Amino acid sequence: MSYPLVKITNSTNYIASGKVSYMSIFCSDDNYSVTPNTTWQAGSRGVCLLTEITATLKTPNGDIVATPYTSSGTSYSNFAILQTGPNSFAVTRVVNLSEDQVPEDYVEPTVQQK
């Protein structure tokens, strides 16, 4: 069993970089950089649940840190960086039922497992 590769679409006009953090110490976090209006994809993922995606955007007004996506541990894979105001950005999950299906045998972690 493995989860779909993480994809981050940068829907802004600025270069973004950040980190994809995974739950287990046995999973290596991913650093990424994505140009405007393109998508970055992780090279591997396996059974690693995702806990956070950060982003910093290089704008004419300087570097701006986006509101990160956070989770107690998710198998979701499609995310986007959005501009939410003149100088504000956010990383959010993209809901796409045809591409973001969890494996049939997936069970969400219980409180004790988180």
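Because the structure is predicted, anything quoted here is derived from the model rather than measured. Residue numbers start at 1 and run along the sequence shown.
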Peer 1: Answer whether the closest heavy-atom distance between the side chains of T56 and I64 falls below 4.5 Å.
Peer 2: no
Peer 1: Quick one: are Y76 and V95 in side-chain contact, heavy atoms under 4.5 Å?
Peer 2: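 No - every pair of side-chain heavy atoms lies 4.5 Å or more apart.
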Peer 1: Can you give me the closest heavy-atom contact between I81 and Y32, atom names plus distance?
Peer 2: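 Taking I81 first and Y32 second, the nearest heavy atoms are CD1-OH, 3.8 Å.
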Peer 1: Over all heavy atoms of both residues, which pair between Q83 and Y14 is shortest? Give the atoms and the distance, please.
Peer 2: OE1-CE1, 3.9 Å
Peer 1: Rounded to the nearest 0.5 Å, what's the gap from OH on Y3 to CZ on R45? Could you check?
Peer 2: 7.5 Å
Peer 1: Is the backbone N or O of Y22 less than 3.5 Å from a side-chain atom of D29, with the two atoms forming a donor-acceptor pair by type?
Peer 2: yes
Peer 1: Side-chain contact test, heavy atoms from C-beta onward, threshold under 4.5 Å: evaluate it for V34 versus T39 and give yes or no.
Peer 2: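 Heavy-atom side-chain distance check fails, nothing below 4.5 Å.
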Peer 1: So, for A66 and L57, which heavy atoms are closest and what is the spacing to 0.1 Å?
Peer 2: CB-CD1, 4.0 Å
Peer 1: Kindly state each residue pair satisfying disulfide (SG to SG under 2.5 Å) with at least one member in residues 16-48, sequence neighbours excluded.
Peer 2: C27-C48
Peer 1: If only side-chain N and O atoms count, and only distance matters, is there a donor-acceptor pair under 3.5 Å linking T12 with N10?
Peer 2: yes
Peer 1: Hey, does the side chain of S88 reach the backbone of G85 with a donor-acceptor pair shorter than 3.5 angstrom?
Peer 2: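 Yes: the side chain of S88 pairs with the backbone of G85.
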Peer 1: Rounded to the nearest 0.5 Å, what's the gap from CG on D30 to OG on S44? Could you check?
Peer 2: 6.5 Å
Peer 1: So, for L82 and S11, which heavy atoms are closest and what is the spacing to 0.1 Å?
Peer 2: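 Scanning both residues, the minimum pair turns out to be CD2-OG, 3.3 Å.
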Peer 1: Measuring from F79:CZ to T92:OG1, what's the distance to the nearest 0.5 Å?
Peer 2: 8.5 Å
Peer 1: I need the K58 NZ to S17 OG distance, nearest 0.5 Å.
Peer 2: 5.5 Å
Peer 1: Between T54 (side chain only) and K19 (backbone N and O only), is there a donor and an acceptor less than 3.5 Å apart?
Peer 2: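 Yes, because the side chain of T54 sits within donor-acceptor range (under 3.5 Å) of the backbone of K19.
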Peer 1: Say you draw a straight line from CG of N13 to CG of N37; how long is it, rounded to the nearest 0.5 Å?
Peer 2: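 Answer for the CG-CG pair, N13 versus N37, is 6.0 Å.
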Peer 1: Does T51 use its side chain to pair, donor to acceptor, with the backbone of S21 at less than 3.5 Å?
Peer 2: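 At least one qualifying donor-acceptor pair exists.
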Peer 1: Using atom types as modelled and distance alone, determine if a side-chain donor or acceptor of S24 lies under 3.5 Å from a backbone N or O of F26.
Peer 2: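 Between the backbone of F26 and the side chain of S24 there is a qualifying donor-acceptor contact (under 3.5 Å).
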Peer 1: Taking all heavy atoms of S33 and all of I15, pick out the closest pair and write down the distance.
Peer 2: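 What the structure gives for the nearest pair is OG-CG2, 4.1 Å.
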Peer 1: Measuring from I8:CD1 to W40:CH2, what's the distance to the nearest 0.5 Å?
Peer 2: 5.0 Å
Peer 1: Quick check: closest heavy atoms across S75 and P4, and the distance to 0.1 Å?
Peer 2: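 Reported closest heavy-atom pair: O-CD, 4.1 Å.
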Peer 1: Could you check whether any side-chain heavy atom of P68 comes within less than 4.5 Å of a side-chain heavy atom of V91, counting everything from C-beta outward?
Peer 2: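 In short, these two side chains do not touch, never coming nearer than 4.5 Å.
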